[in-house]
Amino acid sequence: MQDFLGKNNITAVPHPPYSPDLALCDLFLFPRMKINLNGQKFQTPEEIQMESQVALNTLMKKDF
């Protein structure tokens with residue numbers, strides 16, 4: 001690949017290691033979790049954490 005880019009005078013731009021564009025969670029996991037959590041209201045960070053874990057566990061059971 002680098003040979004092709006060099007021969008054709010194309011500059012490669014490296015992706016940052018934690019780019020959201022490369023995070024599979026953004027494409028698969030988070031949108032599905034948002035569907036399960038839609039419309040809920042939380043009073044504490046602990047509530048958010050607990051309900052997020054429930055949503056994640058539900059998704060894991062469905063997909064695997």
Side-chain angles (χ1 to χ4, degrees):
M1 181 73 160
Q2 294 297 328
D3 292 336
F4 173 81
L5 296 176
K7 289 177 186 175
N8 292 293
N9 200 24
I10 299 171
T11 304
V13 179
H15 288 282
Y18 298 105
S19 170
D21 296 332
L22 302 176
L24 293 177
C25 292
D26 291 343
L27 300 174
F28 165 75
L29 182 60
F30 295 142
R32 290 184 182 192
M33 285 184 70
K34 282 173 51 178
I35 291 169
N36 289 345
L37 296 171
N38 189 25
Q40 295 186 35
K41 302 222 183 283
F42 306 105
Q43 302 298 320
T44 64
E46 291 79 17
E47 243 185 288
I48 296 168
Q49 186 177 11
M50 185 179 69
E51 291 300 321
S52 297
Q53 187 65 51
V54 169
L56 178 62
N57 290 342
T58 301
L59 288 173
M60 296 302 286
K61 288 178 185 175
K62 286 181 185 177
D63 290 332
F64 295 104

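Just so you know, these numbers come straight off a predicted model, no measurement behind them.
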TODO: Tell me whether Leu29 is reachable from Met60 by hopping between hydrophobic residues (I, L, V, M, F, W, Y) whose side-chain heavy atoms are closer than 4.5 Å.
DONE: yes

[atom1] of [X] to [atom2] of [Y]: how many Å apart, nearest 0.5 Å?
{"X": "Met33", "Y": "Glu51", "atom1": "CE", "atom2": "CD", "result": "10.5 Å"}
{"X": "Leu37", "Y": "Thr58", "atom1": "CG", "atom2": "OG1", "result": "9.5 Å"}
{"X": "Ile48", "Y": "Lys41", "atom1": "CD1", "atom2": "NZ", "result": "12.0 Å"}

Task: Heavy-atom side-chain contact between Leu56 and Asn36 under 4.5 Å - done: no

Task: Greater than 12 external heavy atoms within 6.0 Å of Glu47's CD - done: yes

